[in-house]
Amino acid sequence: MAWWDDVLKMVKDEFQAVGTGPAEPSAVKQAQALLERTARELSNARANAEAAKRRSMRNQREMEKLGQDVASPQYRERLAQLHRAVAADQDLAASFTAHIEQLALIEARVRSQLERFNRDVEMARAAVAAKQATAAAAPKSAPKPSGGDKGFKHARSESVMQALRDAPKRKGDDA
Amino acid sequence: MLGHKKLLGLAERSLPGLRKHLGIGRIDIDLLPGEVPVVEVSFPDSERQSIYITDAGAQLLCIAYLWRDADVISKQRAALMETLLDLNPSVPLSSFGRIDDHFVLVGALSPAASVDDLALELATLSDNARDALITLADFLKT
């Protein structure tokens, strides 16, 4: 969706502009809220459409049942009412079926965009947090390597240790 | 997101497990001043470097600073990058990365991670950082 790509680009630009600032751009929260609301409203619209379709089918069944006993005068008026309701609802139900399918498609797309957006936001948050932590904590010079204590033997495979031991020699020889 | 106090509390609760993993008696935990919660885990009686924990929303980042761009021997730079990429998949629980001009080892945890998970992450990251500094020293200026 082109419009969405534009929104995403705008939010990314805004994140970039904010850089290492403490606050997240307000457009991010607005875009998230908008997407969540859209997905929710689509879901509600779909539920309403399905309810209308069910109601229409129920009316239809009821009318058919009454139709088997048209001689009964007490049902005649009820039958006429139902007939009118079903006639109105049947057109509606037909359009609702297409509408429900359309809504389901749109909802799936919006939800997928929301997931993509949230992932992008989380990545941007992580980058900002890492930069902020670095600004607060990073040492000015490199720590000196040392063999130090040997208190910790973890589940580190010997192949990993060998790769670490070999790495500088192997690559250094090439340079 | 975890606030400053919650992050500090989580780090403090992980201490017994971390001591057990590393076999080190003294480990200090400090909250760094600033708007973003950053907790420093330091090892005053050991030559291990500090690890910093911060909350990035969907994940807790544990960062060990290795060296800076300026510390790398220019001619070895491409080889170092390649080596780090080669090593990344096999280094336990951590990945090499770069933040600004700092080369780092980073471990990420879910914000719902347990105290034991954090202790294991910190111990492994500390070990990885120490190993990386020793074994990749040939790429660095003395």
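Just so we're on the same page: letters track the sequence lines, and every chain starts at 1.
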*Taking all non-hydrogen atoms of both residues, which atom of B/Leu32 and which atom of A/Ala136 are closest, and how far apart?*
CD1-O, 3.9 Å

*Could you pull out the closest heavy-atom pair between B/Leu61 and A/Ala130, with the gap in Å?*
CD1-CB, 4.1 Å

*Indicate whether the side chain of B/Tyr65 and that of A/Thr134 have a donor and an acceptor atom separated by less than 3.5 Å.*
yes

*asked:* According to a hydrophobic-cluster definition based on side-chain heavy atoms being under 4.5 Å apart (Ile, Leu, Val, Met, Phe, Trp, Tyr only), do B/Phe139 and B/Ile73 belong together?
replied: no

*Report the C-alpha separation of B/Asp100 and A/Lys131 in whole Å, then their side-chain angles, then the decisive distance to 0.1 Å, and conclude whether the side-chain contact (heavy atoms from CB on, under 4.5 Å) test is met.*
CA-CA 7 Å; B/Asp100 296 330; A/Lys131 276 179 186 287; 2.6 Å; yes

*Using non-hydrogen atoms and a 4.5 Å limit, figure out which bit of B/Glu40 sits close to chain A: side chain, backbone, both or neither.*
neither

*Does A/Glu122 use its side chain to pair, donor to acceptor, with the backbone of B/Ala58 at less than 3.5 Å?*
yes

